[in-house]
Amino acid sequence: MKRSKQPPLWLRRLDLVKAEMKTVQFPKTAAEGFRQCAMLSETMRRWFLDSIRQEHPGWSEEQVEQERRLILARWSAAET
């Protein structure tokens with residue numbers, strides 16, 4: 001088996017990955033990371049509910065919540 005003299009592609013592009021990683025500000029602690037994750041989750045939940053309300057103006061909060069549950073159940077079923 002003949003070995004290639006060039007390093008693998010992922011290793012050749014490691015400098016690009018390193019440069020990109022320097023621009024990302026990672027949480028300093030696990031607690032800070034958890035808070036950021038919770039904030040992002042809450043933002044996504046709010047956007048999701050807002051999109052349902054926009055699609056069905058005039059619906060009650062109970063109807064919006066039922067639609068949210070139905071959509072999540074469909075996504076869950078689709079994953080399996």
Side-chain angles (χ1 to χ4, degrees):
M1 183 163 106
K2 188 177 178 184
R3 287 191 167 205
S4 172
K5 293 185 181 193
Q6 282 193 326
L9 182 61
W10 64 267
L11 189 55
R12 284 183 271 158
R13 295 190 177 180
L14 201 54
D15 57 331
L16 296 174
V17 173
K18 186 177 177 183
E20 186 176 317
M21 294 295 281
K22 285 183 178 183
T23 65
V24 177
Q25 196 170 13
F26 291 96
K28 291 182 178 32
T29 64
E32 183 182 335
F34 184 82
R35 281 192 298 275
Q36 287 179 6
C37 182
M39 271 182 21
L40 289 170
S41 294
E42 177 56 27
T43 299
M44 184 58 216
R45 188 189 71 80
R46 189 171 13 96
W47 288 352
F48 183 39
L49 289 171
D50 288 347
S51 72
I52 295 171
R53 288 184 189 109
Q54 286 179 349
E55 193 70 27
H56 304 285
W59 272 16
S60 69
E61 285 305 305
E62 184 178 326
Q63 289 171 308
V64 169
E65 179 61 20
Q66 285 177 338
E67 182 69 6
R68 183 192 70 85
R69 288 180 184 166
L70 180 63
I71 292 169
L72 291 177
R74 286 180 184 155
W75 286 347
S76 180
E79 284 182 338
T80 58

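Pairing each heavy atom of R12 with each of P7, the nearest pair is NE-O, 2.8 Å.
The 12-atom threshold is not exceeded at CZ of R69, counting heavy atoms of other residues, nucleotides or ligands nearer than 6.0 Å. Shown here is F48, whose CZ atom has more than 12 heavy atoms of other residues, nucleotides or ligands within 6.0 Å.
Of the possible donor and acceptor atoms, none in the side chain of S76 sits under 3.5 Å from a partner among the backbone N and O of L72.
Hydrophobic clustering, with ILVMFWY side chains joined whenever heavy atoms are under 4.5 angstrom apart, keeps L9 apart from M21. Criterion: ILVMFWY side-chain heavy atoms under 4.5 Å apart, direct or through other members. Under it, L70 and V64 are not part of a common hydrophobic cluster.
Residues E67 and H56 form a side-chain contact, since some pair of their non-hydrogen atoms from C-beta on lies under 4.5 Å apart.
By the side chain to side chain contact (heavy atoms under 4.5 Å, CB included) test, A78 pairs with no residue at all, sequence neighbours left out. Looking at residues two or more places apart in sequence or on another chain, you find a side chain to side chain contact (heavy atoms under 4.5 Å, CB included) between E62 and S60, Q66.
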*Could you walk me through whether R35 and E32 pass salt bridge (Lys or Arg N to Asp or Glu O under 4.0 Å), step by step?*
CA-CA 5 Å; R35 281 192 298 275; E32 183 182 335; 5.3 Å; no
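Using a cutoff of 4.0 Å between basic side-chain nitrogens and carboxylate oxygens, D50 and R53 are scored as salt-bridged. Salt-bridge formation is detected for the pair R68/E65: a Lys NZ or Arg NE/NH1/NH2 atom is positioned less than 4.0 Å from an Asp or Glu carboxylate oxygen.
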